Amino acid sequence: MADNKPRRPRVHSSNNFDEHFNSATDKIEGKSKSNFLQPVEPKPKLTKAQRREIQDKQRADKKERLISEGKLPLESKNINSNNTNSSTTNDNVNKKKGSKGIKPDQIFESLEKTKTQQLVAPAPAKKQVPLFSHLPQYERPLSHSLVNRFAAPIIHTSVLKLGLQIANGTIIGSNARCVATLLAFKSVIADFETSKDQLMARELDKSLKPMINFLVYCRPLAISMANAIKFFKLKLNSTNSLSEAEAKQFMYEQIDQFILEKIIAADKIIANHAASKIENNDIIVTFASSSAVETALKYAFEGDKKFRVIIVDIRQTKEGKELLQNLVEFGIECSYCLISAISYVMKVASKVLIGASALLSNGNAISRAGAGSVAMMAHAHNIPVLVCCETYKFCERALLDSICFNEIGDPEIVASTPILKNWQSKDNLKLLNLMYDLTPSQFVSMIVTEIGILPPTSVPVVVREYHKDEM
């Protein structure tokens with residue numbers, strides 16, 4: 001039987017302990033004589049300029065060492081220079097404009113560079129509003145600055161043109177930006193060449209990443225654009241079993257089908273549904289400009305219905321003027337006012353018809369800044385609010401306010417009055433121009449979509465059932 005008595009701890013003999021103690025003491029004494037008791041000379045104090053000079057020298061030495069070892073491309077040596085980099089980048093962009101195809105070896109070289117050179121960060125905004133400092137700050141777009149700050153050398157000419165048009169405000173509206181993005185990707189596919197024994201989906205996805213980053217840099221993506229890009233990548237990943245020609249033809253068909261079904265045909269169906277809710281002698285209030293709302297009003301007018309439209313607009317964008325001109329040319333009786341007169345307009349209104357940039361899973365709508373105020377005023381006067389929105393703009397995100405997710409516009413638009421002419425010289429004055437606001441679901445009566453007229457509580461059902469095969 002085994003002995004259950006506890007074992008005594010092992011104790012070193014006194015001789016071994018003395019030897020270890022004496023050897024350790026000798027080592028400590030030896031070190032103390034040589035190192036520990038020596039006086040330490042204080043380091044000289046350096047100025048800020050001297051420290052910066054030492055750091056710049058260390059960075060330069062490290063960069064030269066990496067270039068000599070082949071771990072860093074030679075072109076990245078002059079990234080931070082002002083004159084040489086701008087001219088070199090412009091030359092590279094001009095060469096890419098003249099080229100018809102994108103070579104796979106150039107794609108892989110650019111991908112290695114974009115790991116550390118994706119975007120040259122702009123200077124921080126001087127007039128940031130603290131509550132919205134987490135959002136991308138507005139920077140006045142310049143064509144050469146947008147091209148030069150994006151260090152990735154391969155940007156397709158159609159994507160480059162699209163980014164500049166979006167940044168300069170030539171292309172506005174969620175539907176227009178989404179269609180233009182898909183058409184630009186269609187041009188990228190046409191000029192793309194897959195290397196031997198490689199999958200087109202994998203290489204094309206890698207080459208699209210810097211292009212999408214460029215579009216984000218020009219202007220933050222709308223939710224509609226993000227959903228369209230997600231759809232594009234999902235269909236691209238399903239072409240692994242196809243040849244390059246078959247994959248390109250498949251992507252052409254998918255892009256055309258998405259634009260036709262999700263945007264063009266959807267707007268016509270939405271217009272029919274919304275026009276059925278317009279009756280004779282109605283006074284319809286709408287806000288800013290929406291392609292779906294415009295089509296619905298025209299369909300109702302063609303159905304021999306007599307009604308009047310009041311267009312409410314904001315001073316920053318004045319998008320309602322374009323809608324006013326189109327409806328008047330079509331023969332519809334219209335009135336125009338700014339949002340400051342919304343309380344007087346609602347006294348005679350019978351329905352409110354507005355568009356939306358996105359619909360969230362909790363039923364809240366994201367639209368032009370000011371749409372929430374119009375819906376709230378209509379709710380206070382017991383006037384039904386109809387929101388026209390395509391289902392491809394539905395998303396799984398849930399927001400309770402317009403602070404966490406938004407876009408900051410040009411503050412100079414707010415400063416168009418003579419009083420704010422020299423606002424930048426005043427230290428305590430900051431201007432804010434938000435592009436979107438959030439309309440709570442309790443202010444929305446119905447949501448008009450291509451699949452029918454739904455309550456706001458049905459948005460998560462649409463996201464779950466209709467998007468499970470696409471998103």
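Values in this document were obtained by computation on a predicted structure and should not be read as measured data.
With values rounded to the nearest 0.5 angstrom, Ser174 atom OG is found 11.0 Å from Ile366 atom CD1. The CG atom of Asn362 sits 6.0 Å away from atom CG of Leu400, with the distance rounded to the nearest 0.5 Å. Atom CG of Leu297 is separated from atom CG of Leu353 by 6.0 Å, given to the nearest 0.5 angstrom. Between the CG atom of Asp437 and the OG1 atom of Thr439 there is a distance of 5.0 Å, given to the nearest 0.5 Å.
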Run Glu412 and Gln424 through side-chain hydrogen bond (donor to acceptor under 3.5 Å, both in side chains) and show every step you take. CA-CA 10 Å; Glu412 292 292 341; Gln424 293 183 350; 3.0 Å; yes
Working for ring-ring contact (aromatic ring centres under 6.0 Å, His included), residues Tyr392 and Phe258: CA-CA 10 Å; Tyr392 86 97; Phe258 184 90; 5.7 Å; yes
Under the criterion side-chain hydrogen bond (donor to acceptor under 3.5 Å, both in side chains), I'd like the reasoning laid out for Arg308 against Ser335: C-alpha separation, chi angles, the key distance, then a yes or no. CA-CA 8 Å; Arg308 186 162 63 94; Ser335 301; 3.2 Å; yes
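Tyr336 is linked by a side chain to side chain donor-acceptor pair (under 3.5 Å) to Asp313, counting only residues two or more places apart in sequence or in another chain. Applying the side chain to side chain donor-acceptor pair (under 3.5 Å) test to Glu450 and every residue at least two apart in sequence or in another chain returns Thr391. Taking Gln257 as the reference, Glu261 meet the side chain to side chain donor-acceptor pair (under 3.5 Å) condition, with sequence neighbours excluded. Qualifying side chain to side chain contact (heavy atoms under 4.5 Å, CB included) partners for Asn422, counting only residues two or more places apart in sequence or in other chains: Ser425. Residues forming a side chain to side chain contact (heavy atoms under 4.5 Å, CB included) with Thr170 (at least two apart in sequence, or on another chain): Gln165, Asn168. Under the rule for a ring-ring contact (aromatic ring centres under 6.0 Å, His included), His273 has no partner lying at least two apart in sequence or in another chain. A search for side chain to side chain contact (heavy atoms under 4.5 Å, CB included) contacts involving Pro136 returns Pro220, not counting sequence neighbours. A search for ring-ring contact (aromatic ring centres under 6.0 Å, His included) contacts involving Phe185 returns Phe232, not counting sequence neighbours. Every residue two or more places apart in sequence or in another chain that forms a side chain to side chain donor-acceptor pair (under 3.5 Å) with Gln325 is listed here: Glu329.
Salt-bridge annotation for Arg368 and Glu319: present, with a side-chain N of the basic residue lying under 4.0 Å from a carboxylate O of the acidic one. Note on Glu244 versus Lys248: salt bridge recorded, some NZ/NE/NH1/NH2 to OD/OE distance being below 4.0 Å. Here Glu203 does not pair with Lys206 in a salt bridge; the nearest charged N to carboxylate O distance is not below 4.0 Å. Taking 4.0 Å as the cut-off between side-chain N and carboxylate O, Asp282 and Lys277 do not count as a salt-bridged pair.
The one candidate from Asn227, Thr449, Asn175 that meets the side chain to side chain donor-acceptor pair (under 3.5 Å) condition with Glu390 is Asn175. In summary, of the residues considered (Leu399, Val459, Val463), a side chain to side chain contact (heavy atoms under 4.5 Å, CB included) with Leu360 occurs for Leu399 alone.
Within the 4.5 Å cutoff, the side chain of Val309 has heavy atoms near those of the Leu327 side chain. Using a 4.5 Å cut-off on side-chain heavy atoms (C-beta onward), Ile447 and Pro456 make contact. Contact annotation: the side chain of His156 approaches that of Ser187 to within less than 4.5 Å [non-hydrogen atoms, C-beta and beyond]. Put simply, the side chain of Ile310 does not reach to within 4.5 Å of the side chain of Ile284, judged on heavy atoms. By the 4.5 Å heavy-atom criterion applied to side chains, Lys393 and Leu359 are not counted as neighbours. Contact annotation: the side chain of Met435 approaches that of Arg219 to within less than 4.5 Å [non-hydrogen atoms, C-beta and beyond].
With 3.5 Å as the limit, one finds no donor-acceptor pair spanning the side chains of Asp410 and Gln316. In this structure, a donor-acceptor pair under 3.5 Å is absent between the side chains of Ser361 and Arg397.
Residue pairs satisfying the side-chain hydrogen bond (donor to acceptor under 3.5 Å, both in side chains) criterion with at least one member in residues 373-384, sequence neighbours excluded, are absent. Among pairs with a residue in residues 347-378, none fulfils ring-ring contact (aromatic ring centres under 6.0 Å, His included), at least two apart in sequence or across chains. Applying the ring-ring contact (aromatic ring centres under 6.0 Å, His included) definition to pairs two or more places apart or across chains, none involves residues 403-423.
Residues Glu279 and Phe307 approach most closely at O-CB, 4.2 Å, considering heavy atoms. Contact record, Ser207 with Phe192: OG-CE1, 3.8 Å, taken as the closest heavy-atom pair. The shortest non-hydrogen separation linking Thr181 to Leu162 is CA-CD2, 3.5 Å.
A donor-acceptor contact shorter than 3.5 Å is absent between the side chain of Ser289 and the backbone of Leu323.
Lys298 forms a cation-pi arrangement with Phe330, by the criterion of a distance under 6.0 Å to the ring centre and an angle within 45° of the ring axis.
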